[in-house]
Amino acid sequence: MRSLILCLGILMSASSYAQLTLENALVRAMPPGQPNTAAFMIMINSGNTDIRLTAVKSSISKKSEFHQHKKSKQGVMSMSRVEFIDIKAGGSFTFKSGGHHIMMMGLKRMLKPGESVQLQLFDDNGQDYAFELPVVSIIPVSYTHLRAHETVLD
């Protein structure tokens with residue numbers, strides 16, 4: 001009986017783990033010398049219960065937090081920490097530039113486009129969700145580079 005209960009617990013844990021997925025996930029590669037970066041994505045809760053994310057941890061930063069940008073009545077943008085993120089059952093939550101995002105502070109090293117970063121999310125039930133996000137450059141391709149590329153294609 002004890003092993004049956006343990007097996008059921010493992011199965012229930014695995015099914016709740018599988019209910020959170022990511023789309024369009026990325027971490028920004030910042031120019032040299034920048035101590036912080038951000039991650040953006042769409043989180044999808046395909047499970048039957050709501051998820052309240054209460055913490056985030058990254059392999060490449062000393063500290064990671066949920067943040068949001070808000071515009072004051074005077075039109076000034078500010079960024080602040082968010083204690084939790086709620087994702088309704090069957091719903092989604094978008095982390096995007098200028099809105100909610102995951103802030104990664106105190107980078108342990110410079111990130112390079114093309115590599116991956118480990119991200120771990122924790123909910124209020126003690127469940128953790130591990131993901132691997134690609135690092136993408138925020139520096140736009142220069143016009144000169146585009147013109148050279150177009151010439152090669154001609």
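Every heavy atom of this structure was used, including side-chain atoms; hydrogens, water molecules and symmetry mates were not. Only a predicted model underlies this, so the values are computations on that prediction, with no experimental measurement involved.
Looking at heavy atoms from C-beta onward, Ile102 lies in side-chain contact with Phe66 at the 4.5 angstrom threshold. Taking 4.5 Å as the limit, some side-chain heavy atom of Tyr129 sits within range of a side-chain heavy atom of Ile51.
No single ILVMFWY cluster, assembled from side-chain heavy atoms under 4.5 Å apart, contains both Ile44 and Met41. Both Leu107 and Leu119 belong to a common hydrophobic cluster when Ile, Leu, Val, Met, Phe, Trp and Tyr are linked at side-chain heavy-atom distances under 4.5 angstrom. Cluster annotation: Phe40 and Ile60 are assigned to distinct hydrophobic clusters (Ile/Leu/Val/Met/Phe/Trp/Tyr, side-chain heavy-atom contacts under 4.5 Å, transitive). A chain of hydrophobic side-chain contacts below 4.5 Å, direct or via other Ile, Leu, Val, Met, Phe, Trp or Tyr residues, connects Leu20 to Val117. Linking ILVMFWY side-chain heavy atoms closer than 4.5 Å, directly or via other members, places Val82 and Met103 in two distinct hydrophobic clusters.
When the salt bridge (charged side-chain N to carboxylate O under 4.0 Å, His left out) test is applied to Asp124, no partner is found at least two apart in sequence or on another chain. Contacts of Glu115 classified as side chain to side chain contact (heavy atoms under 4.5 Å, CB included), with partners at least two apart in sequence or in another chain: Arg109, Leu111, Lys112, Val135. Remark: Lys88 pairs with Asp50 by the salt bridge (charged side-chain N to carboxylate O under 4.0 Å, His left out) rule, at least two apart or across chains.
Proximity of a side-chain donor or acceptor of Asp128 to a complementary backbone N or O of Gln120 within less than 3.5 Å is not detected. Of the possible polar contacts, none joining the Asn125 side chain to the Gln127 backbone as a donor-acceptor pair under 3.5 Å is found.
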Worksheet item: Passes side-chain contact (heavy atoms from CB on, under 4.5 Å), Thr49 versus Gln19? Steps please.
Response: CA-CA 9 Å; Thr49 59; Gln19 69 185 359; 3.8 Å; yes
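Each salt bridge (Lys or Arg N to Asp or Glu O under 4.0 Å) pair with one or both residues in residues 51-66, not counting sequence neighbours, appears once here: Arg52-Asp86, Lys63-Glu65, Glu65-Arg81.
For the pair Ser61 and Lys108, the tightest heavy-atom approach, listed with the atom from each and the gap, is O-CE, 3.7 Å. Between Ser137 and Pro113 the shortest heavy-atom distance is CB-CG, 3.7 Å.
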Let me check something: any side-chain donor-acceptor pairs from residues 91-101 under 3.5 Å, sequence neighbours excluded? List them with distances.
unit_1 : atom_1 : unit_2 : atom_2 : d
Ser97  : OG     : Arg28  : NH2    : 3.1
His100 : NE2    : Gln68  : OE1    : 3.2
His101 : ND1    : Gly99  : O      : 3.0

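Residue Phe122 is found outside any hydrophobic cluster, as its side-chain heavy atoms come under 4.5 Å of no other Ile, Leu, Val, Met, Phe, Trp or Tyr.
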